[in-house]
S.K.: 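Below is one structure. I have some questions about it.
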Amino acid sequence: MEGKEREEKVDVKVRERKGKSAEYEAVVRAGPHLRPLQQAHAHLVVTGCHRSRALLTKLLTLSCAAASISYTRRIFLSVSDPDSFLFNSLIRASSKFRFPLDALFFYRRMLLSRVSPSSYTFTSVIKACADLSALRLGALLHSQVFVSGYASDSFVQAALVAFYAKSSALNVARKVFDKLPQPSVVAWNSMISGYEQNGLANEAVVLFRKMLELGVEPDSATFVCVSSACSQLGSLDLGCWVHDCVVRSGIRVNVVLATSLINMFSRCGDVKRARVVFDSMNEGSVVSWTAMISGYGMHGYGVQAMELFHRMKACGIVPNIVTFVAVLSACAHAGLIDEGRSVFASMKHEYGMVPGVEHHVCMVDMFGRAGLLSEAYQFVKELGPKELVPAIWTAMLGACKMHKNFDLGVKVAENLISVEPENPGHYVLLSNMYALAGRMDRVESIRNVMIQRGLKKQVGYSTIAVNNKTFLFSMGDKSHPETNEIYYYLDELMWRCKEAGYSPVPESVMHELEEEEREYALRYHSEKLAVAFGLMKTRHGVILRIVKNLRICEDCHSAIKFISIVTNREIIIRDKLRFHHFREGSCSCLDYW
DNA sequence: TTAGGGTTAG
């Protein structure tokens, strides 16, 4: 026997002892890559090994890793009598790659084939229910979890908490969570994220504090969830504290966490700190670049946003549709019309992208803010009927209002109501337009329509954090224990502003829908109350940071410019759309918002 | 004889 031949025989023996055939190794060698896997598969067919369960299992595992759900499904279907592992792999892949209905379908098939579900099955199939917000089905699975004895599995527990939270059953999520004898860090994260995603950012922070008190060590996902909660609250003090926690914990700040921190600092009004985090990243993703660009945009720093956009492209990072929304929105808020036009054109020509509704909205907004009303309206008219979504009309309406074209405004507002008749905000806008156009009879009739249809306008509120506590004010609010002092202070403040030249926006422009609201309208808007409270409670030199849920009104905008003069304070307000930095009598939005 | 739950930009 030749030496080489002998060597090969020994090799085969070794492999056999290990239970690994040449075919098996060929599959492994293909790795988690679709084409090589398919080639290996073809080879199995040729050699007649394509019925081997071990080989098909390995093939399926790698196909899952290659993220090819259709190929994974095909391999699965070629196995005559799939076992628990194969079912679990397929169900997991289906739920992981966002085919939750397939996950449920194969779960049902698993039960029909009399294969028992395991904790692995439940985690995947519960996640599928979470993606579908299928509350009843998930609750049914929850009882199956109990019956089959997997209720003590920490993976299943965390999946259940996340499922209830994502299905908007936060109370149930909390009940499940509270019953866990030793919740895993993922269970904590699920609950914290559940609060944050459902708009209960305060509760998220409270739970995070509790976690720290109990000595549970947060991981990077915990910090991501909590920093998102800070973004929502807009509280810079809180955000800085969370950032300190991250630094003290010594964990590595990965791309996801860094991006979350960038977003958090931007949304808390400190774009410089956001930039420090951005610069500390080794390698940013398109998401982190977009977050930073968007941060600049929302503060009105259009030039910086454009600079970063160009640098990003120079670094070889390909912008996606979200990046373009951020860039165009930055152009709109900074009045960079030519740049915006060329960026919009480059979407198609350079990147072969089809601009979506969001991009159209930015363009209308951009033309509108710049006073190019006819250009904006022309852009709208060129859109197809399917593209005329409410947001397009809202942007157009904002432009009409800003540039006092009330006749066009009325027309636009009527279109807006016809596309979305159930949104109370649109009626308020139309009513405002009628009032501005001097058609007070129509204002009254709109009000009656709203009452008839039971539509209520959204209540505006502002928050401000003082000494690590967040205070909430709504219009004419008298719930605060120091109400009298605040109102007294505000009255005096407005008097000083008037001395300095402030004149309230005339009564005819204030067109609140309810009589009582009108009474308080001028002086006691929530943002003014929050500013007064902030001035009373902080020492000179401290920047006031206020978050408002709606857009700031014209009168408040003008009043706060004067307040920044007479008190010599910097005031930063985040409204529904963007940031306003008030300093020495002017605002960073240059009165375009 | 293998695998899992929570997290980033509009």
S.K.: Under 4.0 Å: is that the gap between some side-chain N or O of A:Arg92 and OP1 or OP2 of B:dG4?
M.R.: yes
S.K.: How close or far is atom C1' of B:dT8 from atom CZ of A:Arg267, stated in whole angstroms?
M.R.: 13 Å
S.K.: Are A:Asp81 and A:Arg53 within salt-bridge range, i.e. N to O under 4.0 Å?
M.R.: no
S.K.: State whether A:Asn263 places a side-chain N or O below 4.0 Å from either non-bridging phosphate oxygen (OP1 or OP2) of B:dA9.
M.R.: yes
S.K.: Touch check for A:Ser288, heavy atoms < 4.0 angstrom, all strands: base, sugar-phosphate only, or nothing?
M.R.: nothing
S.K.: Specify the separation, in whole Å, of atom CZ of A:Phe265 and atom P of B:dT8.
M.R.: 17 Å
S.K.: Please tell me which of the listed nucleotides, B:dT2, B:dT8, B:dG5, lies nearest to the side chain of A:Ser228?
M.R.: B:dT8
S.K.: Taking the minimum atom-to-atom distance to the side chain of A:Asp153, which one of B:dG5, B:dT8, B:dG4 wins?
M.R.: B:dG4
S.K.: Show me, pair by pair, the donor-acceptor contacts under 3.5 angstrom made by side chains of residues 294-309 of chain A, not counting sequence neighbours?
M.R.:
from, atom 1, to, atom 2, distance (Å)
A:Tyr296, OH, A:Arg275, NH1, 3.0
A:His299, ND1, A:His581, NE2, 2.8
A:His299, NE2, A:Ser266, O, 2.9

S.K.: Starting from P on B:dG5, measure out to CG on A:Asp219 and report it in whole angstrom.
M.R.: 14 Å
S.K.: For residues A:Phe344 and A:Phe324, establish whether the separation of their ring centroids is below 6.0 Å.
M.R.: no
S.K.: Per the atom types in the model, does the base of B:dT8 pair as donor or acceptor with the side chain of A:Ser260 at under 3.5 Å?
M.R.: no
S.K.: Quickly work out the A:Ile317 CD1 to B:dT8 P distance and round it to whole Å.
M.R.: 20 Å
S.K.: Using a cut-off of 4.0 Å on non-hydrogen atoms, how would the nucleic acid contact of A:Asn254 be classed: base, sugar-phosphate, or nothing?
M.R.: nothing
S.K.: Answer yes or no: does a side-chain N or O of A:Gln197 lie under 4.0 Å from OP1 or OP2 of B:dT8?
M.R.: yes
S.K.: Between B:dA9, B:dT2, B:dT7, which nucleotide has the shortest distance from any of its atoms to the side chain of A:Asn320?
M.R.: B:dA9
S.K.: Taking CZ from A:Phe87 and C1' from B:dT2, how many angstroms apart are they, rounded to a whole number?
M.R.: 17 Å
S.K.: Please list residues of residues 108-139 of chain A whose heavy atoms come under 4.0 Å from any atom in DNA chain B, ordered by number; otherwise none.
M.R.: A:Ser119, A:Tyr120, A:Thr123, A:Lys127
S.K.: Has A:Phe85 got its ring stacked on the base of B:dT2, with centres under 5.5 Å and planes less than 30° apart?
M.R.: yes
S.K.: Nearest to the side chain of A:Glu358, which nucleotide is it out of B:dT7, B:dG5, B:dG10?
M.R.: B:dG10
S.K.: Does B:dT7 have its OP1 or OP2 closer than 4.0 Å to a side-chain nitrogen or oxygen of A:Lys166?
M.R.: yes
S.K.: Taking 4.0 Å as the cut-off, does a side-chain nitrogen or oxygen of A:Ser190 come that near to OP1 or OP2 on B:dG5?
M.R.: no
S.K.: Any donor-acceptor pair under 3.5 Å linking the side-chain atoms of A:Ser63 with those of A:Ser68?
M.R.: no
S.K.: Determine the contact category for A:Ser294: base if any of its heavy atoms lies under 4.0 Å from a base atom, sugar-phosphate if only primed atoms, P, OP1 or OP2 are that close, otherwise nothing.
M.R.: sugar-phosphate
S.K.: Specify whether A:Phe122 and A:Tyr150 have parallel, tilted or perpendicular ring planes, treating 30° as the upper limit for parallel and 60° as the lower limit for perpendicular.
M.R.: tilted
S.K.: Is there a donor and acceptor pair, one atom on the side chain of A:Ser184 and one on the base of B:dG5, closer than 3.5 Å?
M.R.: yes
S.K.: Rounded off to whole Å, could you give me the CG-to-C1' distance for the A:Asp365 and B:dG10 pair?
M.R.: 13 Å
S.K.: Consider only side-chain N and O atoms of A:Glu420 and A:His426, and report whether a donor and an acceptor are under 3.5 Å apart.
M.R.: yes
S.K.: Identify whether any heavy atom of A:Ser329 sits under 4.0 Å from a base atom; if not, whether one sits that close to sugar-phosphate; answer base, sugar-phosphate or nothing.
M.R.: nothing
S.K.: Between atom CD in A:Gln157 and atom C1' in B:dG4, what is the gap in whole Å?
M.R.: 13 Å
S.K.: Please pick, from B:dT2, B:dG10, B:dG4, the nucleotide with the shortest atom-to-atom distance to any side-chain atom of A:Thr57.
M.R.: B:dT2
S.K.: Rounding to an integer number of Å, can you tell me how far A:His333 NE2 sits from B:dG10 P?
M.R.: 12 Å
S.K.: Can you tell if the side chain of A:Phe155 reaches within under 4.5 Å of the side chain of A:Ser119, non-hydrogen atoms only?
M.R.: no
S.K.: Which atom pairs, one a donor and one an acceptor, fall under 3.5 Å between side chains of residues 201-209 of chain A and the rest of the protein, sequence neighbours left out?
M.R.:
none

S.K.: Describe the nucleic acid contact of A:Asn88 in one word from base, sugar-phosphate, nothing, applying a heavy-atom distance below 4.0 Å.
M.R.: base
S.K.: Would the A:His142 and A:Phe163 ring centres measure less than 6.0 Å apart?
M.R.: no
